Amino acid sequence: MNQKIVVCGAGIIGMSVALALAYHKQDVFLLAPDKSQTVIEEDIYDPRVYTISPSSQKFFKKIGIWNSLPIHRINPIERMEIFGDNGGKTNLTAWQASLSQLAWVIESNQIEKVLKREIKKYGIPWIKDSFVSYQNGKLGTQTGKEISAELFIGADGSKSLLRHYSNINFQHQTCNDISFIANLNGKYKHQNTAFQWFKKDSILAFLPMPNNKKGPQISMVWSMLKSKADKLSKMIYSDRINKIENEINLISNQVLGPVSISSKLYNFPLNLGKSDMITKKIALVGDAAHSIHPLAGQGLNLGLGDSEILSDIIASRAIHEEAGDENLLKRYYQARKNSVLIMSLGTYALRKLFFCNSFSLSWLRNFGMSQIDRDMFIKQFLINTASRN
Ligand SMILES: Cc1cc2nc3c(=O)[nH]c(=O)nc-3n(C[C@H](O)[C@H](O)[C@H](O)COP(=O)(O)OP(=O)(O)OC[C@H]3O[C@@H](n4cnc5c(N)ncnc54)[C@H](O)[C@@H]3O)c2cc1C
């Protein structure tokens with residue numbers, strides 16, 4: 001098979017870049033196994049949620065999926081309260097940067113569902129197969145197909161095989177953290193506020209969700225050192241739930257009243273790093289290109305930024321350029337490298353700064369937070385950086 005542009009991987013990033021290319025009338029194919037869609041029930045919310053930034057919202061509008069998302073299941077974040085481990089505190093509000101929202105909290109399965117529907121509507125061909133090799137510019141698939149193309153876009157996640165087979169340089173960040181996620185019910189309304197607590201061995205985030213029948217609902221993302229996570233994982237499930245509920249009620253100081261876990265509990269090992277993003281006839285997007293710590297809730301947003309920029313650059317190429325042209329790919333890398341660097345280093349440094357027991361660093365990080373809290377200019381800078389992908 002000889003194709004023009006093949007997107008390898010059909011997570012949110014793979015589907016969104018395929019859709020953006022189809023929107024620009026490009027000849028694009030998807031290559032990925034078709035994950036079955038989870039059944040969506042009225043009062044049951046997916047524990048996998050994303051904070052979607054204003055830039056990502058604009059991109060979703062551009063590729064025609066924003067208005068198809070169920071508005072009653074989306075929650076805006078209008079304010080963030082962030083706490084240090086020794087009295088440091090800062091808050092960020094949307095009005096400080098003249099925005100009506102800082103971000104939106106949206107379930108993963110809702111985004112996947114509308115992306116799939118739109119891909120069908122556009123008639124984007126989907127080869128339901130996995131690739132297992134890449135040699136001499138050709139992908140070999142599990143069912144024995146050989147595929148060549150002008151450009152392969154690697155959207156195959158943080159353990160990207162395409163990155164591996166094509167020898168694109170990848171710098172690992174040593175971090176063995178594990179993130180636990182679940183939906184919680186609390187007693188008091190969250191008022192569209194997200195909360196985050198930085199502790200010496202963990203970072204706890206509460207994200208506002210729409211109420212369900214049990215009352216006010218929030219999504220928990222609790223990232224911690226592997227040694228701490230291992231102790232929890234060894235417990236039987238009911239003991240683990242009790243232990244987690246007790247600890248997060250202590251850390252959060254019951255800011256929303258006592259919270260309890262109301263969904264299944266999942267955990268994700270974090271595999272962090274960043275790559276050189278391009279090589280001959282290959283461009284990486286999303287977690288295949290860079291995976292960052294979830295403490296800033298920006299990984300997907302960064303990948304959506306890749307999808308938008310890459311599709312725009314491909315669509316506006318000169319008449320003599322192919323989609324996989326070396327200069328075109330260099331333009332993509334140049335356009336993305338700073339955003340990736342800032343987000344990747346920023347989240348890594350923050351995580352390092354807090355997971356450290358030194359007294360002087362403890363003073364510095366809490367003092368720094370309180371300084372930020374007093375400085376409107378820094379606050380605006382932080383909000384604007386997080387709003388752009
Ligand atoms: C706990 C946690 C919370 C997070 N919260 C946020 C948040 O609030 N906001 C945010 O912006 N980001 C968040 N992130 C980051 C976000 O989850 C990732 O950045 C995002 O899911 C990456 O999407 P992707 O499509 O690049 O990769 P993936 O979702 O991993 O998709 C990869 C796809 O490639 C396919 N694939 C793999 N190998 C092959 C192959 N050989 N052949 C064909 N197909 C293949 C897979 O089947 C899959 O469909 C969070 C991450 C974690 C761990």
Side-chain angles (χ1 to χ4, degrees), residues 6-18 29-36 46-53 55-57 59 75 77 102-109 111-112 115-116 126-134 139-143 145 147 152-165 175 177-182 194 196 203-209 219-224 229 265-272 275 284-307 340 343-344 347 386-387 389:
V6 175
V7 177
C8 309
I12 292 177
I13 298 303
M15 287 196 278
S16 73
V17 73
F29 280 68
L30 263 172
L31 167 69
D34 190 8
K35 208 175 72 178
S36 60
D46 190 357
R48 194 93 176 92
V49 302
Y50 295 110
T51 51
I52 294 296
S53 70
S55 295
S56 296
Q57 185 221 17
F59 177 54
N75 208 102
I77 300 180
L102 291 170
W104 288 261
V105 181
I106 312 182
E107 296 158 278
S108 181
N109 61 11
I111 304 177
E112 284 163 30
L115 277 170
K116 265 192 189 169
W126 186 328
I127 308 162
K128 307 237 158 95
D129 203 345
S130 297
F131 65 92
V132 288
S133 64
Y134 179 74
L139 278 183
T141 77
Q142 204 160 35
T143 61
K145 291 186 190 73
I147 303 176
F152 292 104
I153 299 180
D156 52 337
S158 61
K159 294 191 176 143
S160 172
L161 271 187
L162 196 56
R163 185 181 73 213
H164 173 72
Y165 288 139
C175 165
D177 296 358
I178 309 276
S179 291
F180 283 89
I181 62 160
Q196 194 164 34
I203 302 165
L204 173 65
F206 283 178
L207 305 174
M209 301 263 287
S219 153
M220 171 194 82
V221 182
W222 193 19
S223 308
M224 61 188 73
L265 175 77
Y266 292 93
N267 66 63
F268 293 92
L270 305 180
N271 182 35
L272 310 184
S275 73
L284 303 179
V285 287
D287 275 19
H290 40 70
S291 6
I292 62 171
H293 200 286
L295 67 88
Q298 289 293 337
L300 188 78
N301 289 309
L302 203 57
L304 291 170
D306 300 340
S307 299
V340 172
M343 215 37 101
S344 171
T347 48
S387 312
N389 305 329

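Please read these numbers as outputs of a predicted model, since none were measured by experiment. All ligand and atom numbering here is 1-based and tracks the order in the structure.
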Can you confirm whether more than 12 heavy atoms, excluding those of K128, are under 6.0 Å from its NZ atom?
yes

Taking only non-hydrogen atoms of G299 and a 4.0 Å limit, the atoms of ligand 1 in range are 10 (C), 11 (O), 12 (N), 15 (C), 19 (O)

Which atoms of ligand 1 have any heavy atom of G286 under 4.0 Å away?
26 (O)

closest protein heavy atom to atom 30 (O) of ligand 1 is G157 CA, 3.6 Å

Within a strict 4.5 Å, meaning less than it, do heavy atoms of the I52 and I111 side chains meet?
yes

Considering the heavy atoms of L300, write down every atom of ligand 1 situated less than 4.0 Å from one of them.
10 (C), 11 (O), 12 (N), 15 (C), 16 (C), 19 (O), 20 (C)

May I ask you to check whether G14 has an N/O atom sitting below 3.5 Å from an N/O atom of ligand 1?
no

Please report the closest heavy-atom contact between I153 and L162, naming both atoms and the distance.
C-CD2, 4.3 Å

Identify the two heavy atoms, one from G303 and one from I13, that lie closest to each other, and give their separation to 0.1 Å.
C-CD1, 3.4 Å

If I apply the N/O under 3.5 Å rule, does S179 come out as touching ligand 1?
no

Ligand 1 and G297, any nitrogen or oxygen pair closer than 3.5 angstrom?
yes

Quick one: does S56's side chain get under 4.5 Å of L300's, heavy atoms only?
no

Quiz question for you: does at least one protein heavy atom lie closer than 4.0 Å to atom 46 (C) of ligand 1?
no

Using heavy atoms and a threshold below 4.0 Å, how should the contact between K159 and ligand 1 be classified: side chain, backbone, both, or neither?
neither

Against heavy atoms of A155, which atoms of ligand 1 measure under 4.0 Å?
32 (C), 33 (C), 34 (O)

Is it the case that ligand 1 has an N or O less than 3.5 angstrom from some N or O of P294?
no

In this structure, atom 8 (O) of ligand 1 is nearest to the protein heavy atom T51 N, 3.0 Å

So do the side chains of H290 and S344 get within less than 4.5 Å of each other, counting heavy atoms only?
no

Atoms in ligand 1 with a heavy atom of I181 nearer than 4.0 Å:
1 (C)

Could you tell me which atoms of ligand 1, counted from 1 in the order shown, lie closer than 4.0 angstrom to a heavy atom of G9?
34 (O), 35 (C), 44 (N)

Purely on distance, is any nitrogen or oxygen of F131 under 3.5 Å from one on ligand 1?
yes

Starting from atom 31 (O) of ligand 1, locate the nearest protein heavy atom and write down its residue, its atom name and how far away it is, to 0.1 Å.
G11 CA, 3.7 Å

What do the steps show when you test I127 against V6 for side chain to side chain contact (heavy atoms under 4.5 Å, CB included), and what is the final call?
CA-CA 10 Å; I127 308 162; V6 175; 5.5 Å; no

Nearest heavy atoms of H293 and I203, plus distance in Å:
CE1-CD1, 4.2 Å

Please name all residues satisfying side chain to side chain contact (heavy atoms under 4.5 Å, CB included) with F268, sequence neighbours left out, ordered by chain then number.
R48, I181, Y266

Check for me whether the distance between the ring centres of F152 and F131 falls short of 6.0 Å.
no

Taking a cutoff of less than 4.0 Å between a non-hydrogen atom of the residue and any ligand atom, is C8 in contact with ligand 1?
no

Residue portion contacting ligand 1 (non-hydrogen atoms closer than 4.0 Å) for S56
neither

Got the closest protein heavy atom to atom 44 (N) of ligand 1, with its distance?
P33 CD, 3.6 Å

Just wondering, do I12 and Y50 contact through their side chains at under 4.5 Å, heavy atoms?
yes

Using distance alone, decide if ligand 1 has a nitrogen or oxygen within less than 3.5 Å of any nitrogen or oxygen in R48.
yes

Test item, G303 contacting ligand 1 (heavy atom, 4.0 angstrom):
no

Going by the order shown, which atoms of ligand 1 are within less than 4.0 Å of some heavy atom of I13?
23 (O), 24 (P), 25 (O), 26 (O)

My understanding is that only residues two or more places apart in sequence, or in another chain, count here; which of them pass side chain to side chain contact (heavy atoms under 4.5 Å, CB included) with P294?
S179, S223, L270

Under 4.0 Å from ligand 1, counting heavy atoms only, is it the side chain of I12, its backbone, both or neither?
backbone

Option nearest atom 37 (C) of ligand 1 (shortest heavy-atom distance, choices N271, L207, V49, D156)
D156

Quick one: NZ on K116 to CG on L30, what's the gap to the nearest 0.5 Å?
10.5 Å

Please report the shortest heavy-atom distance between P47 and A182, naming the atom on each side.
CB-CA, 4.3 Å

Identify the closest protein heavy atom to atom 19 (O) of ligand 1: which residue and atom is it, and at what distance?
D287 OD1, 2.7 Å

Counting from 1, what ligand 1 atoms have a heavy atom of A32 closer than 4.0 Å?
43 (C), 44 (N)

Hey, does Y50 come in under 3.5 Å of ligand 1, counting only N/O atoms on both sides?
yes

Can you tell me if L270 contacts ligand 1 (heavy atom of the residue under 4.0 Å from the ligand)?
yes

Looking at every heavy atom in both V285 and S307, which two are closest together, and how far apart are they?
CG1-N, 4.5 Å

Considering all heavy atoms, the nearest L302-V340 contact
CD2-CA, 4.2 Å

